[in-house]
Number of protein chains: 2
Amino acid sequence: MKLDDLINQVSEWLRGTGSDSDIVISSRIRLARNFTGIPFPHWANKEQENKVIEQVKAGISQSAHLKNSLFFMLSDLDNIDKQFLVERHLMSHEHATHPDTKAICLTSNEVISIMINEEDHLRIQVMKSGFDLDDAWQIINKLDDDLSNNFPFAFSKELGYLTACPTNTGTAMRVSIMLHLPVLVMTRQIDRVLDAIAKLSFTTRGLYGEGTQASGNFFQISNQVSLGQKEEEILDKLKGVIRQIIDQEKTARQALLSKHKHMLEDKIWRSYGTLINAHIITSQETVELLSMLRLGQDLGIIKGLERYLINELFILTQPAHLQQIEKKKLNPQERDIKRAELIREKLSIKKINKDNTN
Amino acid sequence: MKLDDLINQVSEWLRGTGSDSDIVISSRIRLARNFTGIPFPHWANKEQENKVIEQVKAGISQSAHLKNSLFFMLSDLDNIDKQFLVERHLMSHEHATHPDTKAICLTSNEVISIMINEEDHLRIQVMKSGFDLDDAWQIINKLDDDLSNNFPFAFSKELGYLTACPTNTGTAMRVSIMLHLPVLVMTRQIDRVLDAIAKLSFTTRGLYGEGTQASGNFFQISNQVSLGQKEEEILDKLKGVIRQIIDQEKTARQALLSKHKHMLEDKIWRSYGTLINAHIITSQETVELLSMLRLGQDLGIIKGLERYLINELFILTQPAHLQQIEKKKLNPQERDIKRAELIREKLSIKKINKDNTN
């Protein structure tokens, strides 16, 4: 399997399966790890960074989870390839910026990805579709063991895992749940929800992680604290909070549906109409309209569209994906035209049942 | 034929046939006439107004053009019926307001309508689809003769035809051409065009006559002066002006199509997408979107839609038409829902060819 082949498959986290997948897009756990005796990447020299890569490779070869995984040196990838991996949430934007002696390992189903020589020697990520932290935790826990089998990770009895940035020290674990909360946004209840989350020391980000704004009604909720708590405690606390948000969005959806059905149908069908007819469309507008389409599918207003297809369109319409599909560089204007073309193509092959006029 | 039956047919002026019908919606001539020896309607008593009605009826019975025409006392029509006739451009809003001893006569194809006891004893109107003033003039000239055969019209050798309002005196003729000028509007050339028209003593109005704003890119151009010129002179002068405007819109369309095809396709297809998917839509938005749809049909961007269907939708989606179709009173919110439903219904039976993605 080559990198280019990934575009022909739906990433695990976009399949739209798993628990509560009408509201929870994905569950992600990330562990930061560093080998003992080698400086953190920002302080390490090339030789030391290469040593990290070798040690990771040794771990990979012994891990059942990583059998047949893909491994790339970032210096071997062009800019579109790197951006493509960022858009698929397989690596960070920062990792792509200075490719020298950095690498990435990923499983072909895109559940596991490991960034090597990012801020820490290893950033291990497991991402699952829907609300499925238990499974993600089992996988990443095993991976953690596999990768430290030959060469131990830097660990202090007092602090826990040692990391380049002290805010990660301790469990060095970040758990992130991507939620789709269109009706809490529409009914302006979202600010209250986000305030409550912040008070509980969780952070909220947009579709593309740190520093990005929430757009198209997508919110990524993560733990902020990784020190002084056990992994299972962090997971349980986050699960409780997410469960509450899911319930609030569900309640808001039912209330809106019973009180403002026509308004909701209008908004959803107009979004569909624009998506399937536009000839020029920006990335931002696409995310907003797809958000409405997904809500329409969740509520049974739009029938005949599979959830994975809508999820997939969120990613396929991103800049590097469009260029990967076209196999050439496109400027923003060209992308807006190609994006519209792709959406029309993907949506028009589906037979939509419009017989719900009242 | 009853009044209700009109809703099942496309008015002559909406057929989308006739010369230059891609830009000229309709050609209309109106003559104001008053019988000698009877005061103008605002000064006449009931008995005198009834006498007017009798004299018109006598004229109607002898006119070949008015054979099998429909005749209604406005007091016999309910509010929706009256508004319905206004929306079809068969009578004025003013005529509907005080129905007492007022009447209307119209031919079943809606080419001819005669308001009786409006501001003048008679307001004779002939309306044709497309740019067809010659035919309209022939018809109305004959009607003028027919109706004054038994009872002569008030006429002064010095002034011409006498009318209630002195601005109409002379030919007492108003010629109006309804134009669809979306690209002159889009490219902001319209103000220059309207300025030039005003300097030539022509007036510009919207879809619904005096006092209404131009909306959805429709402009009704009329002569202002009816005194001191022969009918043929007025007609020739207006024809020359309209011909120039048609050419300017045509040139602007071709330029836009060659320079900004994607933008134009985007605008037109998005309008189609909204029309065929909206569940709540106002009258104003409908006119704007239908205007784009009509442009798309004119330019061959949207194939498979007949022009008459689009024209018809402009009228069917008006408030009284919606209520006439539903056979009951509807409040504005209910109308916005029914309007959207009607548009979806009418447009979705057409097989649209979308294979022009190049």
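Any value given below was found using the heavy atoms of this structure, including those in side chains, with hydrogens, waters and symmetry copies removed. Residue numbers start from 1 in every chain, and the chains themselves are labelled A, B, ... in the order their sequence lines are given, proteins ahead of strands.
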Distance (rounded to the nearest 0.5 Å) between [X] [atom1] and [Y] [atom2]:
X	Y	atom1	atom2	result
A/Ile276	B/Tyr272	CD1	OH	9.5 Å
A/Asn277	B/Ile302	CG	CD1	8.0 Å
A/Gln333	B/Met263	CD	CE	13.5 Å
B/His279	A/Lys261	NE2	NZ	8.0 Å

- Task: Tell me, for A/Ile268 versus chain B, whether the close heavy atoms (under 4.5 Å) come from the side chain, the backbone, both or neither.
- Result: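 For A/Ile268, there is no contact with chain B at all, as no heavy atom is under 4.5 Å.
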- Contacting region of A/Ile337 [heavy-atom separation from chain B under 4.5 Å]: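 Only the side chain of A/Ile337 comes within 4.5 Å of chain B.
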- Are any non-hydrogen side-chain atoms of B/Ile281 and A/Arg270 less than 4.5 angstrom apart?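 With C-beta onward as the side chain, the pair touches.
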- Tell me, out of B/Leu264, B/Asp336, B/Ile280, B/Leu275, who's got the most heavy-atom pairs with chain A below 4.5 Å.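 Heavy-atom pair counts peak at B/Ile280.
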- Message: B/Glu334: which residues meet the side-chain hydrogen bond (donor to acceptor under 3.5 Å, both in side chains) condition with it, sequence neighbours left out?
- Response: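 Result, side-chain hydrogen bond (donor to acceptor under 3.5 Å, both in side chains) vs B/Glu334: none returned.
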- Take atom CG in A/Asn79; do more than 12 heavy atoms of anything else shown fall under 6.0 Å from it?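 Check fails, neighbour count at 12 or below.
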- Count the heavy atoms belonging to other residues, nucleotides or ligands that lie under 6.0 Å from NZ of A/Lys267, then report whether that count exceeds 12.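 No, the 6.0 Å shell around NZ holds no more than 12 heavy atoms from other groups.
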